[in-house]
Amino acid sequence: MIIKGKNYRTVWMEGKVVRMINQPLLPHRFEIVDLYDTIEVHDSIKNMIVRGAPAIGATAAYAMAQAALKYDGSDLAELKKDLRAAYDFLSKARPTAQDLFDGLDYVYNVIVSDRSIDKIKKKAIDLAEDYAENSIEACEKIGEYGSTLIKDGFRILTHCNAGALATVDYGTALAPIRTAHYAGKKIFVYADETRPRSQGSRLTAFELVSEGIPHAIIADNAAGYFMKRKEIDMVIVGSDRTAMNGDVCNKIGTYEKALLAYENKIPFYVAIPLTTIDRNCPNGEAIPIEERSDEEVLYAYGWNDSGKFERVRIAPEKSRGRNPAFDVTPAKYVTGLITPKGIIKANKKEIERLL
Ligand code: MRU
């Protein structure tokens, strides 16, 4: 993605350092964070410095490579013990996005059987880079297929941020939107603000501004109003984990958008790289849902008019909150899954064929 005239990825690696865009500072400040070890990378995922399923997956792959590269001893068994410890620790960073486990496995499962320390290091970094490249390629394909659904003049609703910042580059739900825009189609995007972390108003809007795509940020509870007035032609969202029966788990609030779309006969598409599909998950009931600190609900933060960062409480001192980060949308509300291999129905038969 182009930011301030320079091409960036959301996460990448230089030497033994994992580098990433500091997402909580956006859209007000653009900074890169450097992470030097497994603990720092784990915390960056947990605290959502990097977020979005495919971006988390690539970060995990780089973290495994970093753990291998940082080993400076000569004991193969010790290196393998370090790698296993890094794998276990990183896999606890966040529970819902399947890509976290996919990224870890992509590197770990190959290097763990090697018998040379040098080869493990070389393979680890090659695999992590490979993972990031594959992720970008998949997003571009999603863009190509998904854009065929977008007609000139379409008004599209999206929830959360499933753009370049949620991936290594290009995005999943925003990929068809980008591709349609590049093809000269006149489109308009409604971006749900996506409380409590506001990925829609902070990140999706940031990307849409950068691309010059006409849009409006709407309050989370406004989508029904626009759908009923026939001001939304389609919905495209991402997925953090896709079950084998086509149920999709995405940012909290996605489920109610799907119900609204269904009621108003508006197509509801979910853009997914194959890395979000959990082969061991029969349906959405089996997906672990992260519940985050209630502080995210009870406080808001941003930049005040004097350009200073401020966190303000927006609820009574004595109130507590609940903060599930994701919900499951049953497959029956999903018009189709936009994948890097084409658009399919959200059901077991088509997902199995795809895999
Ligand atoms: O909590 P987040 O910001 O990591 O949640 C992100 C989402 O829910 C995205 O929609 C999802 O990861 C798909 S991203 C391409």
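Numbering of residues begins at 1 and proceeds along the displayed sequence. Just follow the structure's listing: the first ligand is 1, and inside any ligand the first atom is 1.
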>> Polar contacts were defined as any N/O atom of the residue lying under 3.5 Å from an N/O atom of the ligand; does this apply to Thr167 and ligand 1?
In response: no
>> Using a 3.5 Å cut-off on N or O atoms only, is Ser239 in polar contact with ligand 1?
In response: no
>> Side chain, backbone, both or neither: which applies to Arg94 and ligand 1 if a contact is any heavy-atom pair less than 4.0 Å apart?
In response: side chain
> Any heavy atom of Pro54 sitting closer than 4.0 Å to ligand 1?
Replying inline: yes
> So do Ile351 and Asn245 actually touch side chain to side chain, heavy atoms under 4.5 Å?
Replying inline: no
> For ligand 1, which part of Asn161 has a heavy atom less than 4.0 Å away: the side chain, the backbone, both, or neither?
Replying inline: backbone
> Aromatic rings Tyr190 and Phe188: how do their planes relate, parallel, tilted or perpendicular, breaks at 30° and 60°?
Replying inline: perpendicular
> Would you say Met48 touches ligand 1, if touching means a heavy atom closer than 4.0 Å?
Replying inline: yes
>> Under 4.0 Å, heavy-atom basis, I'd like to know which part of His159 is in contact with ligand 1: side chain, backbone, both or neither.
In response: neither
> Quick one: which of Cys160, Ala55, Ala166, Ser198 has a heavy atom closest to atom 14 (S) of ligand 1?
Replying inline: Ala166
>> Against ligand 1, does Gly52 come closer than 4.0 Å with any heavy atom?
In response: yes
> Given that the side chain starts at C-beta and the backbone is N, CA, C, O, which of these parts of Gln199 lies under 4.0 Å from ligand 1, counting heavy atoms, or is it both or neither?
Replying inline: side chain
> For the residue pair Tyr108 and Tyr87, does the interplanar ring angle fall in the parallel (under 30°), tilted (30 to 60°) or perpendicular (over 60°) class?
Replying inline: tilted
> Applying the salt bridge (Lys or Arg N to Asp or Glu O under 4.0 Å) test to Glu290, which of Arg51, Lys92, Arg94, Lys46 qualifies?
Replying inline: Arg94
> Can you list the steps and then say if Tyr62 with Tyr131 is a ring pair (Phe, Tyr, Trp, His ring centres under 6.0 Å)?
Replying inline: CA-CA 9 Å; Tyr62 281 131; Tyr131 191 85; 8.8 Å; no
>> Need the ligand 1 atom indices (1-based, order shown) with element for anything under 4.0 Å from a heavy-atom of Asn250.
In response: 7 (C), 8 (O), 9 (C), 10 (O), 11 (C), 13 (C)
>> For Tyr301, does the six-membered ring have the charged nitrogen or CZ of Arg311 within the cation-pi criterion, i.e. under 6.0 angstrom from the centroid and within 45° of the normal?
In response: no
